[in-house]
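Each remark here refers to the structure printed beneath this line.
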Protein chains: 2
Amino acid sequence: MNDAARNGFYRRLLARHVGPGSGVLEIGAGSGLLSILAARLGAAWVVAVEGSAEMAALARANVEANGLRGRVTILHRLSTELQLRELPRRADVLVSEIFGTLLLGESALDYIADVRERLLTKDAKIIPTFATQYAVPVECETLEQITAVSSWDGIDLSHMMRLQDTASIVFSKQYGFRLNSVPFRFLSEPVALFSLDFSTSTRAALKKVFDFELKTNGKGGRAHAWVFYWIATDGSETMSTSPHDTVDNLPRDTHWGQAIQLIDSEQNLQFPTPLVLKEGETYHFRTYMSEDRISIHIQLLPSSEKTA
Amino acid sequence: MNDAARNGFYRRLLARHVGPGSGVLEIGAGSGLLSILAARLGAAWVVAVEGSAEMAALARANVEANGLRGRVTILHRLSTELQLRELPRRADVLVSEIFGTLLLGESALDYIADVRERLLTKDAKIIPTFATQYAVPVECETLEQITAVSSWDGIDLSHMMRLQDTASIVFSKQYGFRLNSVPFRFLSEPVALFSLDFSTSTRAALKKVFDFELKTNGKGGRAHAWVFYWIATDGSETMSTSPHDTVDNLPRDTHWGQAIQLIDSEQNLQFPTPLVLKEGETYHFRTYMSEDRISIHIQLLPSSEKTA
């Protein structure tokens, strides 16, 4: 809530699309901040749903403290439980901030697609409108310091590497540090894994397995991990969780942080080693998304399995 | 395990007390590193217990990889389940690294006191021998940025402060940052809450409620939180989790980090505010320890309740 950049992003988008007469729906109200913003911009009515009873009560207290009782209604329920008859009419604007460290980590697309069909006007504005999930290989020795061990003082400790799991996504917050508080370097241009238009996209339309190729930046380096971040936008304003875009914005770092998948060059589950990305070479990767699109796994393809 | 400062501390202490003929017991072997060090220093035998079956298997693999099979025995059990008949004889040296972010967070004193009576010689060396739990008030605006909110853009959000819980200890890792990666300042000399001599201390002898007074350093400031850290020693070498002592030692920061209790000057559970510590003033606090001494709560005493 102290993420002024995020708050400003929503305020600017709401200011463009909310005016007298607007009916606004919010999914996942939390503190109620976005609904309060919409009401202050002159919306005729705002209805917000919040799945936590405690948070819904606090959002109501915030609405009252700002003199907006009667203009903003906070309902304690999931958006999938909200019925059209509970709204004055279909909403013209849908606003939500239900993204996780991974874009779809909190099932934003499922909730938005459901509401879009049942509760919005045909040409309703969805804020944010577009979003893209990125992945980029990074060189970050800190990650190796934390996650890898081979020996100390001449003692062979390499068996401990069996505990290192390169197949899973972990979160920088689990390790107890912000990625941008330690040295790291992007080793290629970020790869857009998928892009969403919240006014049309469905989960079924997202690919579950796909390949991409990647060219190394500059002189290359040791790729310790994939770092995942996302950008949400209305086409002009953006909100990003990239480690480059969260410098000096601690609340975003500590709220979302980044998702990380350790990179294993050898497909060797017992002794994973960082992948060396050489200058001027092209590498081929395959992406696997879980059924709910919440978990992502990227794997290096041997040159023999290259796509055309 | 990549904490070279910690590893060096144990190596130096073991080198002083382990020699040919020594019988060494380790509690909580983890990787087996400390047992391997003891064996390399010439111990006649080393027995280590480890509560996790997976970790015990990995420790055995590390022992074998270092050619110490037969000299180091890793047993999968809790130390309280270990019987004297399973050792060649009572051990001369007990070594353990079973400390948490709070010194007694992993019940080190209970495990050590139990083993001391049942499995050690009368004059056995316990490594480390002494340990002290410290608390110190810090000024750290970052903590306020993460945990406190009052308004944004003229919108009153103060009701969200009900979520801020100043009674609990949280850990820097939960917030996803290392304390020493952000600006902070000690506002007084650290307070030693309790000191242990592992060769004699018992949990029953630790006070559960006690008062202390504190004088502000320099010009004082806003005390956002108590930071808890500990120092273990044999009387000369030390191992510390102070945020000042973990700079450039990332593995310690991400393993132990620091424990934090937000400070509330008003005893106002709805709207806690940092305590302003004024230059040259003395403040009185009361410390409450839970039955198991794992949780600690420090509370400001109104001047009327001052101790003599």
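Since we're looking at a predicted model, the values are computed, not measured.
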Exercise. With a 4.5 angstrom heavy-atom cut-off, which part of B:Tyr175 approaches chain A: side chain, backbone, both or neither?
Worked result: backbone
Exercise. Among B:Gly8, B:Ala61, B:Ala4, B:Gly30, who wins on heavy-atom pairs under 4.5 Å with chain A?
Worked result: B:Ala61
Problem set entry | Atom CD of B:Glu141 with >12 non-hydrogen neighbours under 6.0 angstrom | no
Exercise. Within a strict 4.5 Å, meaning less than it, do heavy atoms of the A:Leu37 and B:Trp152 side chains meet?
Worked result: yes
For this session: Name the member of A:Ile155, A:Ile146, A:Leu250, A:Thr254 that forms the most heavy-atom pairs with chain B at distances under 4.5 Å.
Result: A:Ile155
For this session: Over all heavy atoms of both residues, which pair between B:Lys173 and A:Gln174 is shortest? Give the atoms and the distance, please.
Result: CE-O, 2.8 Å
Exercise. Looking at CD of B:Glu64 and CG of A:Asp156, how far apart are the two atoms once the value is rounded to the nearest 0.5 Å?
Worked result: 11.5 Å
For this session: Check whether B:Ala57 gets within reach of chain A through its side chain, its backbone, both or neither, counting any heavy atom under 4.5 Å.
Result: neither
Problem set entry | Closest-packed option against chain A by number of heavy-atom pairs under 4.5 Å, given B:Leu33, B:Asn66, B:Asp3, B:Ile36 | B:Asn66
Exercise. Using a cut-off of under 4.5 Å for heavy-atom pairs, which of A:Gly257, A:Ala65, A:Gly32 has the most such pairs with chain B?
Worked result: A:Ala65
Problem set entry | Between CG on residue B:Leu58 and NE2 on residue A:His159, distance to nearest 0.5 Å | 8.5 Å
For this session: Check whether B:Ser172 gets within reach of chain A through its side chain, its backbone, both or neither, counting any heavy atom under 4.5 Å.
Result: neither
Problem set entry | Nearest non-hydrogen partners of A:Arg40 and B:Gly154, listed with the distance | NH1-O, 3.8 Å
Problem set entry | chain A contact via B:Asp153 - which portion, at a heavy-atom distance below 4.5 Å | both
For this session: Please determine, among B:His255, B:Glu54, B:Gln145, the option with the most heavy-atom pairs under 4.5 Å with chain A.
Result: B:Gln145
Exercise. Within a radius of less than 6.0 Å around CZ of B:Arg69, do more than 12 heavy atoms belonging to other residues, nucleotides or ligands occur?
Worked result: no
